[in-house]
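What you see is a predicted model; the values in this text were computed from it and never measured.
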Amino acid sequence: MAYRDPILVIVELKGGNDFMNTIIPYTNGIYHDCRPIVGLREDEVLPMNDTLAWHPNTVPLKEMFEQGDVAIVQGIGYPDSSRSHFRAMDVWHTCEPIDIGTEGWLGRVVRDLDPKGENVLTGINFGKGLSRALAVSGVPVTSVDDLDNYGLMTSIKEDPKRMRAIEIFKTMYEPAIGTGVVMDYLSQTGLDVIKGSDKLKMAPAMYQSDVEYGSNSIAKALRDVARVHLAGLGTRIFYTQHGGYDHHANEMPSHPKLLTELSEAIRDFFQDLRNHNASQEIVMLVFSEFGRRMRDNASGTDHGTGGGAFIIGDGVNGGLYAEYPSLDPSRWANGEDLEHTIDFRGIYATLLEQWMGMDATPIVDGTFEQIQPFKEVV
Amino acid sequence: MGRPYGLLRAGFPFYKTLGMRRLTNFPIDIALGKEGCLYILCRNRDASTIRKYHIDDKDLGTVGRGLTWAVAIIADSEENLYVSDEAKHCIMSFDKDGKELGKWGEYGDGDGQLNGPAGIAFDAEENIYVADSLNHRVQKFTKDGEFISKWGRFGDGEGEFNMPWGLTVDELGDVYVADWRNDRVQKFTGDGEFIFAFGKSGSGNGELNRPTGVAVDEHGDVYVSDSGNDRVQLFNSESRYVQKFLGDATLSTVAIEYMMTNAGPNRLRDMADLEPQKYFRRPGGVAVNGDGLMFVADNGSYRVQVYQKQAIPLTEEQFSAPRRSPTLHQE
Amino acid sequence: MSNTDIALMAHLMRRAGFGATRTELEDYAKKGYENVVEDLVEPERCDPIDEDILHRYFGSFEAGYVEKWMYRMIRSKRPLEEKMALFWHHVFATGVGKNQHLLASARQIDTFRRVGLSNMREILLELSKDPAMIFWLDNNENRKGEPNENYGRELLELFSMGVGNYTEDDIKNCARAFTGWTFAQPPPLYPQGFYDAKFVFLEEDHDDGEKTFLGHTGNLNGDDIIDIIVEQPACAKFISRHLYNFFVADEPQVPSWHVTPPQDPEAIETLSNAFMESKGDMRHVLRTLFNSDFFKEARGKKVKSPTELVTGILKLIGTYERPDPGMGKYSGATTLMGQKLLDPPTVEGWHTGREWIDGGTLTERVNFAVREVSDASRPGIAELINRLKAEGRALAPDEFVEKCLDLAGPMTVSDTTRESLNKFAESGGDLDLSADNGSEESTDRVIQMLQLIVASREYQFA
């Protein structure tokens, strides 16, 4: 384990990634029978072993796997999986598969890491709107849509004007005596925002790199993660999304494109950090709210259950973890889905306890089977 | 070819359903191409698309981009597509594969300017008539957008309009306008001379509630998409009410394919009252072709319903003289 | 009419509606406060919104419902109808995230709009028959012999009386009374889109046995339960406190109400009395509320909800006089600020008051408001500039601030805020909009002033 504070980077694949078309059971006849349209032929895929193969568009990820940096968590899910995107993401974000949860699991992590809320940058979300996973009432976290243009009143384009407006904003938000607790709280929050954005502003200025990221959204987001991480602002939890995985139709041209974007962005991200000697403290979890249906629907696949996740980093002991769900029709969930073989809360707990060195039970609300994907355990 | 003297109306049964949710979302109008091709204009909130489709229920993909609030689509003799956009106040054109050919029209109320263009139609010379909705008038342009003429103003008198929507031109060059907020259809000569109007507010036979689309077939029959009454009505060339279509849709081929891999929805269908599924919901444009097929953009149900006209032209010998009063006497 | 009248009218319209333009405020002020209250609580006195136009431009179906609703909020001449729909949406929080049936959720809001200003009995009856609610709280699973208590419990705890006013046995019997209240299976979303779910009462699933609820015994059905509830003083108090929290001043979050007394017990008493004497007639209770001194004195005592903030800005800039594309960005904006309409996070609804504010949501609120007021060609902004111009003379810096605060509200601000704004105004000297050469720069100064005003702490409050 690195001497630096361990850090988690979470990448959410939004829409339900087709895991069976990412890590492909290419020698299994049932796979080919079920997917006459969106299935990949045996001669197209990149074999990993006798039964599983990488999608041809995942070469960078496959290479990282071969270097031992990628743990593949097969069959991740939870009992009675919801096929609704919103509900399923809620479950993943709150660890509440039955009741409607209100607290995001990473929000709880941030609260444990920084109980007094001293650093508004302990948890950062990159993208539009805060992920539910980071939302816990009273826990300050930061959400950044555009790191190069982050902060208050960013629509004021002329810099001097904006600086002037922010100066006035600061004096307007000075705590005033006798205005009441809510007004005081508002003042504090306003000034915290300024503080956070002042710190974040340093990140792009300090950053120098030879790595050229792609121009898609996930590449941009991971570059932002790298820039903030390298600025050393004390961030422990980074969260971002890669959208577009909901391939009910037109899966064949779209899914491979996303896999290319994703695997190249991950490769570039780790390369960038390694160049700066700042990769050892990072572990990345890539997950999606569910996998997709066994059978294709002639142009795509519909919402399913069991999926897969990746745990990536220098500290990872690469390989296959948990079990690939059985393709045998008698074992299909709901008569049409891959059954999950490991509970996602166990994977969260694995990361929290074995990497972050935290007590996972209250965060994931229970104890679940864990895996051992790290070279060293804290 | 002239209009028949009379018609033996044998029937007008439902023929087939095309499309489904996700492929043909909120269809608002249809243009007919060649060799069974049709172009379904789909208006989904702030982005409209053209879905190229085959009458065998084959999806040929999306063609055309950059449309916001599209209202109507027509195809010229070379199968180039013209689309009106009431948010951008323009007419955009594309070739049949979706390549943008041009765009004309600007916001305003001067000659040749547009405010909320809706229905469009070609005449025989391929000039374009536009229902200039919020200017409450009809304007005539060349295909390239050069202003030719105009008529109409706000009101409910003859030749006046209240937010006209659908518009069509018959083979004789007469123009029909679905006068949306006046709940009627008006017919004009190509020069804008008022011929007649029919329809009034209501839900009885021949009455209209916010008519959207209008089409005319080779017999001179007029099809009116009576949107607010969730139906299509058929009027003869003299504007007499003939019959109404409430919708009789089945599942399209693509919908059946979809359902074959969806166990859950199949169970729900089995539990549900399916009767409402056959009816129109807020139909948009209506189009007819030379084979007697009527295509209706079933806006709220994500599909196109197709009906087959069965009518045999009658000669003077086969169709007795008009009579003024009804009779009980069987001749 | 005096400036005090305008300020009071602005307060009324922020609370009972979604804000108003200056011209609207002046028209209202001419009518007189009590007359305007009467127009608000008796919406039939004003024209309904043009449904034709909504259908034609925004579509007739569930897609874009929230945009359509926001358009109604800023355009309806019956703003209290929309505000009450929002009120009941806060109280009877039903999330489309669970039910996944956007049409049913949309219909629920339509129902709240239709019955929101009727009486409590009718409102609870419609609620209990609402398919989105039935599914949200599992009453479709509530059957004779195997009761599901979810709806029965929340009806008492969150929708009508609050914890402490009934026993666990009352919950059980309440749930039994609602057995068989369900909806007919609508055809699924694919392939033809949503179809309405319709309420049905299934005799065979209904428990016909004897039940005892709050001291009443008999073969009670759901209607009987509602009849009993609306006669309880606890119901009058609970709904009154909800109305106070929504229309007057922020109270603590609902779950703490049974241990934290109201900040103004007298006000709650007044409203409860109005409720009891009118048998839960919302018009009467709201008339009492808006005409009360405690309401008139409550300016700035509520943190604006994201919906109120966004619609308030839209009213200020006077945009969307007729439907145009792009309303979607406003429902997107409230979502980023923590309020996704139709999708409250839990059955408790949104946590309100200071809980609307955190670093992320404050950034969104400020940035949204600053961005939206930056366009001098928007009708509301143009009118505001014209009014400044109409002064016909140069304005000293403090006058400049004063006029802008007046026209953007009227708003009352703390000394800190005023001094900061003055400092900004002074840096540019007198504001002279009449001078030909300076007008572009002066317009720009007005825009910047407005940006600072809507970024202020005070602007976060209604």
Quick check on [X] against chain A: is it the side chain, the backbone, both or neither that has a heavy atom closer than 4.5 Å?
| X | answer |
| --- | --- |
| C/S374 | neither |
| C/K301 | neither |
| C/V303 | side chain |
| C/F368 | neither |

Is any side-chain heavy atom of [X] closer than 4.5 Å to a side-chain heavy atom of [Y]?
| X | Y | value |
| --- | --- | --- |
| C/N367 | A/T154 | yes |
| A/M183 | C/S414 | no |
| C/E458 | A/M172 | no |
| C/D444 | A/K161 | yes |
| A/E167 | C/S420 | no |
| C/T416 | A/Y173 | no |

Hey, could you give me the CD1/CD distance between A/I168 and C/E419, rounded to the nearest 0.5 Å?
11.5 Å
Would you find a donor on one side and an acceptor on the other, under 3.5 Å apart, between the side chain of [X] and the backbone of [Y]?
| X | Y | result |
| --- | --- | --- |
| A/Y185 | C/I357 | yes |
| C/D358 | A/A135 | no |
| C/R457 | A/E174 | yes |

Is chain C contacted by the side chain of [X], its backbone, both, or neither, given a heavy-atom distance below 4.5 Å?
| X | result |
| --- | --- |
| A/S187 | both |
| A/T189 | both |
| A/V120 | neither |
| A/S143 | neither |

